[in-house]
Amino acid sequence: MATYIVLLGPPGVGKGTQARILSESKKLAHISSGDLFRENLKNQTELGKLAKSYMDKGELVPDDVTIAMIRDRLSRPDCEAGAILDGFPRTPAQADALEVMLKEFRGSVDAVPYITAAETILVERTGGRWTCRAQGHIYHEKFNPPKQAGLCDVDGSEIYQRDDDKVETVTKRIRVYLEQTMPLVDYYRKAGKLIEIDGTQSVESVTKVLLGALKR
Ligand code: AP5
Ligand code: MG
């Protein structure tokens, strides 16, 4: 049976950072809906252009196209053992659709680590974030700086600041998160799958708590 872990939490809390570490440690594919949209945008696909019109405003991309994109991604061979889902689902309709599609892939959501931090921390983390152009590796100018300014440690590509990391857009994304994604906290708590994780500590401490909680 495949293993599926959903990382839930507000913008900038550290989902992508932890998902990359978990994916290596658990040997599961890392699926980030935001990274998939950004990849489409880089390749100038129709989906990328559509997604950009929502992402720039800090709004969610419509459920139907998002669900179709994730379904396609989950059907690829590297997801056979399962996946770490980062940024999906983000609405109750997406969560329902996920349950249906995972049945098809012989699994279900096993655990939902819910990472939290206060809004001031989210603004500070997104404000200082730099992202690698080639593969989306994540840095922070203060908390996780690259060894060489402006370049990714892993693949040497340029690092850039996301358009949606401007403080106004981050504030909007947090509001959208509270309105549209927060209901999933109750959804997964009722299902007995939610694991609350304090996201205010260092990357290493959060990873330690996360790995410990997932063992139980
Ligand atoms: P997406 O890319 O998913 O953005 P998000 O959920 O807003 O989350 P972020 O990627 O901003 O933050 P993160 O939690 O991954 O934090 P990170 O690890 O980078 O989505 C972007 C847009 O795409 C959405 O607004 C929407 O338009 C669209 N979209 C995506 N999914 C969708 C869906 N399912 N449905 C509809 N639309 C969708 O860390 C942040 C920073 O903090 C980094 O600089 C990092 O180095 C630093 N950091 C991380 N952890 C720590 C720590 N413990 N201590 C100190 N610094 C830390
Ligand atoms: Mg992310």
Side-chain angles (χ1 to χ4, degrees), residues 6-23 30-41 47-48 50-71 73 84-95 97-98 113-132 136-146 152-153 159-167 169-182 184 197-210:
V6 167
L7 287 189
L8 196 60
V13 79
K15 300 181 297 296
T17 300
Q18 297 298 333
R20 278 178 183 270
I21 301 170
L22 276 188
S23 147
H30 171 203
I31 302 184
S32 157
S33 42
D35 284 356
L36 290 172
F37 286 132
R38 281 183 287 277
E39 210 174 286
N40 272 280
L41 184 59
L47 174 62
L50 174 82
K52 182 176 164 52
S53 64
Y54 293 92
M55 292 167 88
D56 281 351
K57 290 185 280 186
E59 289 171 6
L60 295 184
V61 180
D63 282 336
D64 54 347
V65 288
T66 305
I67 291 166
M69 175 180 77
I70 295 294
R71 178 173 227 300
R73 181 66 189 84
I84 311 286
L85 289 152
D86 152 20
F88 182 92
R90 251 183 166 81
T91 63
Q94 291 181 14
L98 180 64
Y114 167 43
I115 312 176
T116 56
E119 185 161 338
T120 47
I121 293 182
L122 307 177
V123 171
E124 188 183 26
R125 288 187 184 172
T126 46
R129 171 167 51 196
W130 289 79
T131 304
C132 140
H137 296 109
I138 304 163
Y139 299 90
H140 190 282
E141 54 197 26
K142 197 156 111 198
F143 307 126
N144 177 28
C152 175
D153 293 350
I159 56 174
Y160 73 102
Q161 290 191 288
R162 275 169 47 180
D163 285 343
D164 62 347
D165 278 346
K166 290 197 266 308
V167 77
T169 319
V170 169
T171 308
K172 174 70 185 292
R173 281 159 58 201
I174 294 172
R175 209 162 68 229
V176 166
Y177 166 81
L178 293 173
E179 283 165 7
Q180 302 193 48
T181 308
M182 271 304 269
L184 295 188
I197 306 280
D198 174 11
T200 59
Q201 305 304 309
S202 67
V203 171
E204 296 71 25
S205 305
V206 174
T207 303
K208 209 167 150 203
V209 172
L210 198 48

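First listed ligand is number 1; within each ligand, the first listed atom is number 1.
- Note on ligand 1: Arg162 sits in its first shell, one or more heavy atoms being nearer than 4.0 Å.
- Residue Gln94 places at least one N or O, backbone or side chain, under 3.5 Å from an N or O of ligand 1.
- With Asp86 as the partner, the side chain to side chain donor-acceptor pair (under 3.5 Å) test is satisfied by one option alone out of Lys15, His30, Arg20: His30.
- Shortest contact from atom 44 (O) of ligand 1 to any protein heavy atom: Tyr139 O, 2.8 Å.
- Using a 3.5 Å distance cut-off with no hydrogens or angles, the side chains of Thr126 and Asp165 do not pair a donor with an acceptor.
- Here the side chain of Ser205 pairs no donor or acceptor atom with the backbone of Gln201 at under 3.5 angstrom.
- Set against the non-hydrogen atoms of Gly16, the atoms of ligand 1 under 4.0 Å away are 13 (P), 15 (O), 18 (O).
- Within the structure, the closest approach of Gly9 to ligand 1 does not fall below 4.0 Å when heavy atoms are considered.
- With hydrogens left out, the protein atom closest to atom 12 (O) of ligand 1 is Gly12 N, 2.8 Å, a heavy atom.
- Residue Lys57 places no heavy atom under 4.0 Å from ligand 1.
- Remark: the backbone N or O of Arg90 is paired with a side-chain donor or acceptor of Thr181 at under 3.5 angstrom.
- Rounded to the nearest 0.5 Å, atoms CZ (Phe37) and CE (Met69) are 3.5 Å apart.
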**Q.** Steps toward side chain to side chain contact (heavy atoms under 4.5 Å, CB included) verdict (Tyr177, Met182)
**A.** CA-CA 6 Å; Tyr177 166 81; Met182 271 304 269; 3.7 Å; yes
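- In terms of N/O distances under 3.5 Å, ligand 1 is not approached by Ile138.
- The protein heavy-atom contact nearest to atom 29 (N) of ligand 1 is Phe37 CE1, 3.6 Å.
- Close approach to Phe143 involves these atoms of ligand 1, each under 4.0 Å from a residue heavy atom: 55 (C), 56 (N).
- Judged purely by atom type and a 3.5 angstrom limit, Gln18 has no side-chain atom pairing as donor or acceptor with the backbone of Val13.
- Checking Arg173, Gln201, Glu124 against atom 11 (O) of ligand 1, the nearest heavy atom belongs to Arg173.
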Q: Please step through side chain to side chain contact (heavy atoms under 4.5 Å, CB included) for the pair Gln94 and Ile67, ending with a clear verdict.
A: CA-CA 6 Å; Gln94 291 181 14; Ile67 291 166; 4.1 Å; yes
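- Stacking of Lys57 on the aromatic ring of Tyr54 is recorded, both the 6.0 Å distance cut-off and the 45° axial limit being met.
- Evaluated by nearest non-hydrogen atom to atom 33 (C) of ligand 1, the leading choice among Gln18, Glu204, Arg90 is Arg90.
- For a threshold of 3.5 Å applied to N or O pairs, the pair formed by Gly87 and ligand 1 contains at least one separation below that value.
- Counting protein heavy atoms only, atom 9 (P) of ligand 1 is closest to Arg129 NH1, 3.3 Å.
- Distance check, rounded to the nearest 0.5 Å: CG of Leu7 to CD1 of Ile84 gives 6.5 Å.
- Only the side chain of Asp164 comes within 4.0 Å of ligand 1, judged by heavy-atom distances.
- Although no hydrogens or angles enter the test, the distance criterion places no donor-acceptor pair under 3.5 Å between the side chain of Tyr139 and the main chain of Cys132.
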(Q) For Thr66 and Phe88: C-alpha separation, side-chain torsions, deciding distance, then whether side chain to side chain contact (heavy atoms under 4.5 Å, CB included) applies. (A) CA-CA 9 Å; Thr66 305; Phe88 182 92; 3.8 Å; yes
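- In this structure, atom 37 (N) of ligand 1 lies nearest to the protein heavy atom Val61 N, 3.0 Å.
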Q. Could you walk me through whether Asp164 and Thr169 pass the side-chain hydrogen bond (donor to acceptor under 3.5 Å, both in side chains) check?
A. CA-CA 6 Å; Asp164 62 347; Thr169 319; over 6 Å; no
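- Interface of Arg38 with ligand 1, defined as ligand atoms under 4.0 Å from a residue heavy atom, comprises 2 (O), 21 (C).
- For ligand 1, the polar-atom distance check against Thr17 finds a nitrogen or oxygen pair separated by under 3.5 Å.
- Remark: among candidates His140, Lys15, Met55, Lys142, the nearest residue to atom 46 (O) of ligand 1 is His140, based on non-hydrogen atoms.
- Interatomic distance, CD1 of Ile197 versus CG of Leu210, reported as 5.0 Å (0.5 Å rounding).
- The existence of a salt bridge linking Glu59 and Arg173 is excluded, since no basic side-chain nitrogen approaches an acidic carboxylate oxygen closer than 4.0 Å.
- Of the polar atoms of Gly14, at least one N or O is found under 3.5 Å from an N or O of ligand 1, judged by distance alone.
- In summary, the atoms of ligand 1 found under 4.0 Å from a heavy atom of Ser33, numbered by their order in the structure, are 30 (C), 31 (N), 32 (C), 34 (N).
- Every atom of ligand 1 with a heavy atom of Val203 under 4.0 Å away is listed here by number and element: 50 (N), 51 (C), 52 (C), 53 (N).
- Less than 4.0 angstrom separates some heavy atom of Pro11 from each of these atoms of ligand 1: 5 (P), 7 (O), 8 (O), 12 (O).
- Among the atoms of Arg125, some N or O lies under 3.5 angstrom from an N or O of ligand 1.
- Polar contact with ligand 1: absent for Pro89 (N/O pair, distance under 3.5 Å).
- Against a heavy-atom cut-off of under 4.0 Å, Thr66 is close to the following atoms of ligand 1: 33 (C), 34 (N), 35 (N), 36 (C).
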Q: Please test Arg129 against Glu141 for salt bridge (charged side-chain N to carboxylate O under 4.0 Å, His left out), starting from the C-alpha separation and ending with a verdict.
A: CA-CA 6 Å; Arg129 171 167 51 196; Glu141 54 197 26; over 6 Å; no
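- With a 4.0 Å heavy-atom cut-off, ligand 1 is reached by no atom of Ala19.
- Below 3.5 Å of separation, one finds an N or O of Glu59 facing an N or O of ligand 1.
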